[in-house]
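Some notes on the structure that comes next.
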Amino acid sequence: MDRPIRLRYAPSPTGAQHLGGIRTALYNYLFVKKLGGKLILRIEDTDQTRYVPGAEEYVINSCAWAGITFDEGVHIGGPFAPYRQSERKDMYRKYAMELIEKGHAYYAFDTPEELEAMRNRMMEQGNPSPAYDHITRQYMKNSVALSKDETERRIQNGDPYVIRIKMPRNEEVKFHDLIRGWVSFNSSQLDDKVLFKSDGMPTYHLANVVDDYLMQVTHVVRGEEWLPSAPTHVMTYRMFGWEEVMPSFAHLPLILKPEGNGKLSKRDGDKYGFPLYSLDWKEQNISGLKEKGFLPEAYINFLAFLGWNPGTDQEVFTEEELIAAFSFERIGKSGARFDPEKAKWFNQQHMRRKTGSELADLLQPYLDKKGIQADRNYLERVCELMKERAVFIPDLYEAGTFFFGEISEYDQDTIRKKWKPEKQEIFLNLIAHIESISNFTEPSIESGVKDYMKENNLGMGEVMPLLRVALAGVLQGPPVFAMMDVLGKNISVQRLHTAIKIFDNFR
Ligand code: GLU
């Protein structure tokens, strides 16, 4: 059946969404854009005990920063509103009851103590992973094991109950995963998951399936951690008689630690000095890539590569290029290793693609915060020159502070090695020569200085490090003549004069 393509990103607001969650959102987004469909943002907040205020806004803002946009959702509404499951609460009971009527679900009255006792009993009998399933259900307090009258009496009495799925014995549950191919389970391995809780809320399993059905979702793209839940979901579709419109599934590979030993964890960010989150969230002690000076273009580029590859050598992609190249066939099954160095490399590449003016826009708020003022035109030229040397936006300033104020410290080592008092006069003449260059641009400064060096038999190694330290204080930085061009004649000459006075102190 050909249906309009509809995907959803369905996070639970249980804390700050880290980059793994945003990768899921991104893959959904790329697929929708590629095939022309609609993307929904649904908030799955049925577990009130894990609810964290602010988490919903955080995920919305994180997606917005990455350029992941939605067609329907909690923040924008749409034809299937509300999109927040807690606001859809009253609707799910009917579906749980439908399954009871069809004989696919049942009431269970077991107390936490009784459940605990069952687990302990089974462990003692040598079962390491006891479950509430087609065998155990016969011995528990539920509407399958109890008489009809007793069940009625308990319900009338207001005894708390949950509704559990009645997983059949020995049925094959098979579905086609867009990444993994055919996946099959035997229903005997599956437990009788709770569908509806005693607090009147559905569980994730029921709400997820019902909403995907009602919202006419055609593809479920989510992390591998949900693969074990998929057979229960497939069974639920079957029980409702919705198999015809069951979405296709794609379970994305895990994101692994840089060493490849296990799943990337929240703490790994601190370990590598690389935030695993999109945005700062002060109250939760979370630092974000945005505030670190990471570009959203680079973010989606490197997230796309965490599990997918284009099958060519191309690594740097714009959003449009990602949309064009993206496909499920090229998503791997095995875990994708997160590499902070590679992530930085992506940022460098995208910074280099930006103009001085675009970078100046991004650097300006950072300078404002530091109280540093710079002429716009000058700032653009500095950014243009520094972009080859910056990994994050603030590096445009941090690695080139000499562009924004006087030099406070000089590289003494270089001065001691290279400076000789006899050079004083030669240098004064060189400065005068530099001052006489009328068209003060990189090529004419370069040829002017080099001519002077040739006439006076001076080697590069004798002059260039000293010029560099005089102009920047440090040995690192952009090419010396380009630096002079941006600094301008007055400042350059003034710095050279100041330096040769100071150089003598370091002998
Ligand atoms: N609410 C689930 C989560 O937090 C969604 C899983 C799914 O997409 O089905 O990731």
Side-chain angles (χ1 to χ4, degrees), residues 5-32 37-52 54-60 62-63 68 70 72-74 80 82-89 92 165 175 177-180 183 193-195 197 201-237 242 245-255 263-266 276-278 303 306-307 328 331:
I5 289 178
R6 291 174 59 79
L7 274 73
R8 86 308 192 269
Y9 175 48
S12 296
T14 55
Q17 193 75 349
H18 76 38
L19 54 83
I22 305 303
R23 182 198 61 171
T24 301
L26 176 68
Y27 281 28
N28 273 283
Y29 174 79
L30 293 176
F31 188 69
V32 160
K38 296 253 189 289
L39 182 59
I40 306 165
L41 176 64
R42 185 172 74 219
I43 295 292
E44 303 208 323
D45 58 348
T46 53
D47 190 348
Q48 303 281 291
T49 58
R50 296 183 62 216
Y51 180 79
V52 173
E56 181 181 312
E57 291 72 31
Y58 187 82
V59 77
I60 292 171
S62 297
C63 287
I68 300 168
F70 296 89
E72 298 168 25
V74 269
F80 298 95
Y83 291 92
R84 195 176 288 112
Q85 288 183 330
S86 58
E87 288 173 28
R88 304 168 65 78
K89 178 179 171 200
Y92 302 107
I165 192 167
F175 64 93
D177 187 282
L178 292 170
I179 297 169
R180 283 147 220 278
V183 181
K193 291 217 178 336
V194 173
L195 297 176
K197 296 179 283 186
M201 275 287 207
T203 57
Y204 155 71
H205 301 290
L206 180 69
N208 187 271
V209 167
V210 167
D211 282 348
D212 282 345
Y213 168 74
L214 293 176
M215 295 178 184
Q216 298 171 10
V217 169
T218 52
H219 298 76
V220 166
V221 179
R222 60 186 175 192
E224 183 181 311
E225 60 273 30
W226 301 103
L227 187 59
S229 301
T232 302
H233 299 171
V234 171
M235 264 327 252
T236 312
Y237 279 96
W242 297 339
V245 291
M246 185 171 84
S248 306
F249 291 96
H251 289 93
L252 306 177
L254 291 177
I255 301 179
K263 209 173 141 177
L264 186 68
S265 89
K266 295 181 180 177
L276 300 182
Y277 295 86
S278 316
L303 285 184
L306 276 177
F328 280 103
I331 297 176

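Note that ligands are numbered from 1 as they come in the structure, with each ligand's atoms numbered from 1 the same way.
Residues Asn208 and Arg8 are in side-chain contact: their nearest non-hydrogen atoms beyond the backbone lie under 4.5 Å apart. Between Arg84 and Pro13, the closest side-chain pair of non-hydrogen atoms is not below 4.5 Å.
Counted by atom type alone, Asp211 and Tyr83 present zero donor-acceptor pairs between their side chains at under 3.5 Å.
In this structure, Arg180 pairs ionically with Glu224, as a charged nitrogen and a carboxylate oxygen lie closer than 4.0 Å.
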Measure from every N or O atom of ligand 1 to the protein's N or O atoms and keep only the pairs below 3.5 Å, writing each with atom names and distance to 0.1 Å.
residue	atom	partner	partner atom	Å
ligand 1	1 (N)	Ala10	O	2.8
ligand 1	1 (N)	Ser12	OG	3.0
ligand 1	1 (N)	Glu44	OE1	2.7
ligand 1	4 (O)	Ser12	N	3.2
ligand 1	4 (O)	Ser12	OG	3.1
ligand 1	8 (O)	Arg8	NH1	2.7
ligand 1	8 (O)	Arg8	NH2	3.4
ligand 1	9 (O)	Arg8	NH2	3.0
ligand 1	9 (O)	Tyr204	OH	2.9
ligand 1	9 (O)	Asn208	ND2	3.0
ligand 1	9 (O)	Arg222	NH1	2.8
ligand 1	10 (O)	Trp226	NE1	3.3

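Centroid-to-centroid, the aromatic rings of His233 and Tyr204 come within less than 6.0 Å.
For Ala25, the side chain to side chain contact (heavy atoms under 4.5 Å, CB included) partners at least two apart in sequence or on another chain are Tyr9, Cys63, Ile68.
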